[in-house]
Amino acid sequence: MTEFKPQQLDKKWQQAWTSAKAFEVDVDPSRQKFYCLEMFAYPSGYAHVGHVRNYIIGDIMARTKRMRGYNVLHPFGWDAFGLPAENAAIKSGTHPETSTLDNIAHMKGQLQRLGISYAWDREIATCQPEYYKFNQWIFLRMFERGLAYRRRSTVNWCPVDETVLANEQVIDGACWRCGTTVVARELEQWFFRITAYADELLKGLETLTAWPEKVVVMQRNWIGRSEGARIKFPVAGGGDPIEIFTTRIDTIYGATFVLLAPEHPMVDRFAVESPDSKAFRDKVAKFRALDRESRLTGAIEKEGFDTGRKAINPFTREDVPIWIANFVLAEYGTGAIMAVPAHDERDFEFARKYDLPIRIVVQAGPDTPSAESMTEATTNYGRMVNSGEWNGQEAPAVITKMIADAEKRGIGMGEVQYRLKDWGISRQRYWGTPIPVIYCDRDGVVAVPDKDLPVELPKVTTLTGRGDSPLAQVPEFVNVKCPKCGGPARRETDTMDTFVDSSWYFLRFADPHNKELPFDPVPAAYWMPVDFYSGGVEHAILHLLYSRFVTRVLRDVGLVNFDEPFKRLLTQGMVLKNGAVMSKSKGNVVDPDDMREKYGADALRLYVMFVAPPEKEVEWSDAGLEGSFRFLVRVWRIVDHWCETIGGEGMPACSDDCTGAERSLRRKTHDTIRRVTTDIEERMHLNTGVSSLMELVNELYAFSDTTEHGAPTRGEPPVGRVERQQTIAVLKEAIDALVVMISPFAPHMAEELWQMLGHPEALTKTSWPSYDPAVAKADEVVVPVQVNGKVRARVTAPADASEDQMRELALADASIRNHTTGRTIVKVVVAKGPLVSVVVR
RNA sequence: GCGAAAGUGGCGGAAUUGGCAGACGCGCCGGACUUAGGAUCCGGUAGCCGAAAGGCUAUGGGGGUUCGAGUCCCCCCUUUCGCACCA
């Protein structure tokens, strides 16, 4: 009897794997590859069980696929740039690089102690010049293609902290740090033209059949494609016409006024031309401020005012008033809309408030409400009325015709609008990738030549969090010679959004040490795309959309030969403690190191997989962890009990000469192989995979009870011995399979047991057991028999019984006869399952 | 407000294609072993009626389709998540 000492086994086998380089891999075109990836980590300093759940999920997949014969790439890295490290530096004075590298070292240790099977030779950290050099390289390729460009844009600005805030850092319109109301500020910003790929990103979603539907829908909505028309409304009194965007040109005869966003360029002209331009301007200014706040805080009362000007509806040729409204968005469409109060809820609300005319032009139902009596807009498609020559036609068919008509008359055109906007990547921050651009008075915006990459981040020692970009305060960094003319020039001092770093790191893993290119196309073509990607659903849009975009850009650059980087996606649920997400500030963190010290890495791994399916949120339970530990001890004990008798090489294989109990154990073994394999590989239901293994263990205990020495008990258990060769063979088959299949979950224990069973080769080199359907097939089946939908009896039938045989057996059963005598049998259904259903009257 | 997902024992959860509801685990109850048991092994455990055999009721609520519904359809309730004036 040997004792299960998980802490010792953890160390022993982790060292063995490292020195054997068990998880390092190379390109091997003769073998099928499998790229298993978990979203890399922000090095916050410690990983709690919520984080490591994701890594364990990936590790189950990686370890299983390895034993299933695949050449498995399973790398890990660090999303090492970012605000928290910089903010910590402002507070504590520790340089972000120091704290980041310390954090990485600690977290790496945590993951290694959990036995996650990473190819650590491929580890990357985005804050290393060797990595971010290629952020810059990719930026330059995008710059060359016009996909990286500069323009003024409005940002969130905190006037007290004197810095730009990301949208997520604005809480109810105020700065998250000091509570000051955020103001809009115009800044020159770099953008990536993701909108150029909008249609492609949308279409590509259709190919992502192994992604959660939810994520696909979120991306689709985020891209927000809508087809419509751009229509010109001439302004009475001359000048440029107002262009509006609409998806409902079929309602244009009901457009009784036009609305402009407060930021619309024409507003300033109207203000100048207004009789009281000061009052006009004041009202606009109020709206502009209000509008910004409304978008940050949510809903706000619709307000507007009449400009006093008129536009001409190009279809009705009527004069319609032009108003300015706070709910019209400047950044969507043309920043101007035609208002159709009868058929748009928002326009209806606005028209009622300001007593503007309402005209019904679509008859959606049999009732015809009057404009005066209607209480809400009717937004459905329907038959057109009050629409001149178009009367009687119906949307959506008529929409194409009307757009064609508008095009013919030169007053408009069909147009597609997206909700998706270009990706602003400038950050007025220190801890990120410098944007590789130089500004020269003579040559303007000049790209840093490839040979000068990387533009290294200088070591700034005093970070205050105030003022503009910290890099602007480093003269040695800022002042350079223009690469074109050699004259004095200035470097760009903004850094890149860290989402740039994470939008291609999965490609770098294919070739992580390349000094010339982000990666060589050949290994990338072998390893990519990622076959299995898991991570938090919070990245459903940003990271995953950016990655899909950058992958396509690199395809157009010629580095990759596919469109979609992630074949299968799993969004794992969070681990809660006391009903809340774990966080340092809440003090409800479960530290994997504590759990591991108490129960060992395997029990923790097993518990986290057993408690619920990976997608689901779970509540942490110490008792549950204890239960998983007990199960491992139970496995240990039964294997230990038998290993002397069944272990070693050259043992006989199972034959057909089985007793009933042996048959039944073999059946269970093979059925378990089938279930566990599909649970892991196909369904990713790791919890039911574990429960199948538990059933097999229960069966092994029961089987052991039938042998002369009984099941193992604590104290002085007898070593399990049997004489019969077939019993030994059947036990060996079951126990070997059990140990291999439990190894993804409990790799340290499994390796030790495998060794105790006398196998000379490490488990990491072993093949997954194969499933024999003939063995798993039962000799006889229990057939439930229903009478009028209720199970009244169970009859035993041969496994290959015909429908007729089953029907006869069912009707002959005594208790079924009790339910059928004196009644008429209307129908007997024999269903697959099998199951017999009798209908009586 | 709109959209999506979910709701199953005391608890976490199973039920793969419309076919035996509650696998597996936690907890609880009992037995064995024991000086002892908070260890281990074995057994029981949805609720109600019944001595038992057996029966009845049960997958948020109400209807429906079907020989048969946790699963499909309609209405309602609750929870969670996403979007939130995108014209």
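Below, read A as the first sequence line, B as the second, and so on, with proteins coming before strands; counting in each chain starts at 1.
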Visitor: Are any of the side-chain nitrogens in A:Glu695 or A:Lys668 under 4.0 Å away from the carboxylate oxygens of its partner?
Guide: yes

Visitor: So what does A:Asp347 touch, heavy atoms closer than 4.0 Å: a base, only the sugar-phosphate, or nothing?
Guide: nothing

Visitor: Does A:Ala623 reach a base, just sugar-phosphate, or nothing at all? Heavy atoms under 4.0 Å.
Guide: sugar-phosphate

Visitor: So do the side chains of A:Asp347 and A:Ile337 get within less than 4.5 Å of each other, counting heavy atoms only?
Guide: yes

Visitor: Could you check whether A:Arg792 gets within reach of a base, just the sugar-phosphate, or nothing at all, counting any heavy atom under 4.0 Å?
Guide: sugar-phosphate

Visitor: Could you spell out the base pairing of RNA chain B in dot-bracket, with Watson-Crick or G-U pairs whose two distances are under 3.5 Å, [ ] crossing and | to another strand?
Guide: (((((((..(((......[....)))((((((.......))))))((((....))))..(((((..]....))))))))))))....

Visitor: Determine, for A:Arg675 against A:Asp679, whether the closest basic-nitrogen to carboxylate-oxygen distance falls under 4.0 angstrom.
Guide: no

Visitor: Does A:Pro613 reach a base, just sugar-phosphate, or nothing at all? Heavy atoms under 4.0 Å.
Guide: sugar-phosphate

Visitor: Considering every strand and a 4.0 Å limit on heavy-atom distances, what is the contact class for A:Asn221: base, sugar-phosphate, or nothing?
Guide: nothing

Visitor: Tell me what A:Arg794 touches on the nucleic acid: a base, only sugar-phosphate, or nothing, going by heavy atoms under 4.0 Å.
Guide: base

Visitor: Per the atom types in the model, does the base of B:C81 pair as donor or acceptor with the side chain of A:Lys214 at under 3.5 Å?
Guide: no

Visitor: What does A:His819 touch in the nucleic acid at a heavy-atom separation under 4.0 angstrom: a base, only the sugar-phosphate, or nothing?
Guide: sugar-phosphate

Visitor: Under 4.0 angstrom, heavy atoms only, what part of the nucleic acid is A:Val611 near: base, sugar-phosphate, or nothing?
Guide: sugar-phosphate

Visitor: Can you list the residues that meet the salt bridge (charged side-chain N to carboxylate O under 4.0 Å, His left out) rule with A:Arg225, with sequence neighbours excluded?
Guide: A:Asp199, A:Glu227

Visitor: Just call it for A:Glu695: base, sugar-phosphate, or nothing, with non-hydrogen atoms closer than 4.0 Å on any strand.
Guide: sugar-phosphate

Visitor: Give one of base, sugar-phosphate or nothing for A:Thr678, where a contact means two heavy atoms less than 4.0 Å apart.
Guide: nothing

